[in-house]
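Side chains are part of it too, since the values below use all heavy atoms of this structure and drop only hydrogens, waters and symmetry mates. Bear in mind the structure is a predicted one, so any value in this text is a computation, not a measurement.
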Amino acid sequence: MNISISKHGQQQVEALPAAALIKALEPEQYKQYLAVRVNGKIRELTYIPAEGDELEFIGFDDEDGAHTFRHSSSHIMAQAIQHLFPDTKFGIGPAIKDGFYYDLDSEHIFTDEDMAAIEAEMKKIVKQNLKFERREVSREEALKLFGDKGEIYKVDLIENLPADAVISLYTQGDFTDLCAGPHLPATGMVKAFKLMSVAGAYWHGDSSKKMLQRIYATAFPTREQLDEYLFNLEEAKRRDHRKLGRELSLFAFSDEAPGMPFFLPKGMVLRNTLIDYWREVHKKWDYVEISTPQIMRRSLWETSGHWEHYKDNMYTTLIDGEDFAIKPMNCPGSILVYELEPHSYRELPLRYGELGCVHRHELSGALHGMFRVRCFTQDDAHILLAKEQITGEVVRIVQLFDEVYNLFGLPYTIELSTMPEDHIGSVEDWDIATRALSDAIESVGKEYTVNPGDGAFYGPKLDFHILDSLGRTWQCGTIQLDYQLPGRFDLEFTGADGDKHCPVMIHRVVFGSVERFIGVITEHFAGAFPLWLSPVQVKILTITDRQDEYAGQIAAQLAAAGIRCEIDSRNEKIGYKIRAAQNEKTPYMLVLGDKEMESGTAAVRKRGEGDLGAKPLDEIIALLKQEIAAKVR
């Protein structure tokens, strides 16, 4: 809720803190508010408004509100630890995404049993509904207070504060902490919390300093929200693409090639099916496919600007005494293709699609399964067009994105990233390009947020953050508008006026990379891919070896119909085979016994639905082909 404090209303509210004001205005809803944003700055609900203040009351659904809630929770946890382990020295206890932590120096090694005891003590503190009370002190007073308590880490923090820093303390009951705030009015507002884990952390992240114990935790306004969060955490572990990649024999990693995935036979089926779909969509939307070299001369990367702005992430090599680089991007290759022949305005937009393998030197600590790798296939497209075609082309790309993401059931949000400090080109060009993107996305009624300073070094971009089945977001698609590279390479086309003009380039991907998208959809579908995408679409299960020949005949007919299948003719009970097929996330099973063999049918089982009964093979094939063609999720 937003409120403006005017002179007219000042006399009535000047002695009221923000909490009392919102309680008077919204007596039924006021408890949902955790803090107040005053003239853009986050403050506590104890703040007393002044004339001219613009107040925005915020709840847990606001990032600052959640931060305030969890920061207060970290103080409650620290107080509980102080009660149970009084010799503990405290480091820092910030709120972080989805939770908070506190760094602790203690001779005691914290265990799972300790976590339960700390939670029990936290509940007592919450029940007492202790007020969070703020006071500002001098540097000398703060040093004496924490020095007398032997809180060496707090003393270190104070000594490293700027000379003009305001030093504030927060007290709830018998616990006082050094903190800038803000906090909740009282401990009683923290209704649900959970201590998650213990890890090690060096003080100030310096390995030459002492290793502290870091307790991670989370907190929510309601038990239902906490339970949902914990369920989603467990579900995320179950869906982890690295785990499923191994279990389903899709892909693997090796220390011999860090950050470079190995696709296994079933993974290659998944990958190739996805690529076939990519080609189908791009042909429909009038893209032509090209392929460009992996290694190109340093001079090319100097002209493009990558040598100056991206060299630390590039793999380089020496060939015939000359510097070359393995491409980290596909765009310079597309430019070289464009340069091979003259172009007219009649050809534009010219849409080059490329499934180009690129290599980037990511830090080893940043590598994460298929989500952050050093070698990947970027589903790139580079579009050369005239400036007046930008809006129409961006709209067209968004329509393509909608088609692809809707197929996988992936809604998205859009983020407009603007000019970074490390950029090429004039500010004027950047302003024009940024407005062109915002105008285009607004023209189709799409909403977006602005991410200042996070554009590519050559142009602003629209990033598409897709939302998976667990509500997590992944940045996959991007549309980058580039006024710079075409000029740096002196690209041109002949306009309708007969003169030479420089085109604009749009860089865009829809998957982001084939590898990353496979990781995303593996977790999104929990490995249970739709029939059209599944590496094995049908598992044929025999009850005895008498059905082996019949199983082979069915497999041959399925294969002839373009349906991927496997036979499980192991000497195992049928229940075991069914469970094995279920664990492999197989969409359909055909169970064959003597009855089915005699009648020329198969007992059909469908993932998620169970037994569909016995059906003739031609009916089964028609059913499967229809579902595959429709790409049913």
Side-chain angles (χ1 to χ4, degrees), residues 1-75 94-95 97 129-139 141-142 158 161-172 176-190 221 415-419 421 427 431 434-435 438 442 447-454:
M1 181 177 181
N2 297 305
I3 300 173
S4 179
I5 305 299
S6 65
K7 186 174 182 181
H8 174 74
Q10 181 65 18
Q11 188 174 2
Q12 299 175 5
V13 301
E14 62 181 352
L16 289 179
L21 178 59
I22 193 62
K23 184 176 182 179
L25 293 171
E26 292 195 5
E28 301 297 324
Q29 302 292 330
Y30 76 94
K31 289 184 179 180
Q32 69 178 300
Y33 297 113
L34 306 175
V36 59
R37 198 173 282 119
V38 182
N39 305 323
K41 182 179 180 181
I42 188 73
R43 303 293 293 267
E44 287 146 344
L45 290 174
T46 53
Y47 173 81
I48 298 176
E51 181 181 346
D53 279 349
E54 295 287 337
L55 308 183
E56 180 188 0
F57 289 89
I58 59 176
F60 192 78
D61 58 349
D62 183 282
E63 185 177 344
D64 285 333
H67 186 278
T68 299
F69 186 90
R70 287 171 169 151
H71 195 184
S72 301
S73 303
S74 78
H75 281 230
K97 186 180 185 300
N129 198 27
L130 303 172
K131 290 183 178 179
F132 283 97
E133 297 177 314
R134 174 190 170 96
R135 64 188 173 105
E136 295 179 3
V137 297
S138 67
R139 185 180 298 264
E141 186 178 352
I158 295 164
L161 288 172
D164 59 349
V166 174
I167 298 176
S168 57
L169 311 178
Y170 279 83
T171 299
Q172 81 263 15
T176 297
D177 205 353
L178 173 73
C179 186
H183 284 287
L184 300 173
T187 61
M189 298 177 72
V190 180
E415 188 175 68
L416 172 61
S417 297
T418 59
M419 186 178 72
E421 291 185 13
V427 174
D431 288 343
T434 303
R435 280 197 302 273
S438 61
E442 288 169 5
E447 296 182 353
Y448 64 90
T449 58
V450 177
N451 183 15
D454 200 41

With side chain to side chain contact (heavy atoms under 4.5 Å, CB included) as the criterion, how do E26 and Y33 come out once you've worked through the C-alpha distance, each side chain's angles and the decisive distance to 0.1 Å? CA-CA 10 Å; E26 292 195 5; Y33 297 113; 3.1 Å; yes
Of all heavy-atom pairs between A142 and I167, which one has the smallest distance, and what is that distance? CB-CG2, 3.9 Å
How long is the gap from CD on E136 to CD on E141, to the nearest 0.5 Å? 11.5 Å
S168 side chain vs C179 backbone, donor-acceptor pair below 3.5 Å: yes
Rounded to the nearest 0.5 Å, how far apart are CG of D177 and CD of Q172? 8.0 Å
Quick check for you: to the nearest 0.5 Å, what is the distance between E63 atom CD and K97 atom NZ? 9.5 Å
What's the spacing between R135 CZ and E133 CD if we round to 0.5 Å? 10.0 Å
What is the minimum heavy-atom distance between L184 and T68, and which atoms define it? N-CG2, 3.9 Å
Report yes if the side chains of F57 and Q32 come closer than 4.5 Å at any heavy-atom pair, otherwise no. no
Expected output: side-chain S438 to main-chain R435 donor-acceptor under 3.5 Å: yes
Applying side chain to side chain contact (heavy atoms under 4.5 Å, CB included), run through L169 and L178 and close with a yes or a no. CA-CA 5 Å; L169 311 178; L178 173 73; 4.1 Å; yes
Angle class for the H183/H71 ring planes (parallel below 30°, perpendicular above 60°, tilted otherwise)? tilted
At what distance, to the nearest 0.5 angstrom, does CG of D53 lie from OH of Y47? 3.5 Å
So, the side chain of D62 versus the backbone of D64: is there a donor-acceptor pair under 3.5 Å, distance only? yes
In chain order, what residues pass the side chain to side chain contact (heavy atoms under 4.5 Å, CB included) check against Y30, with sequence neighbours excluded? I22, K23
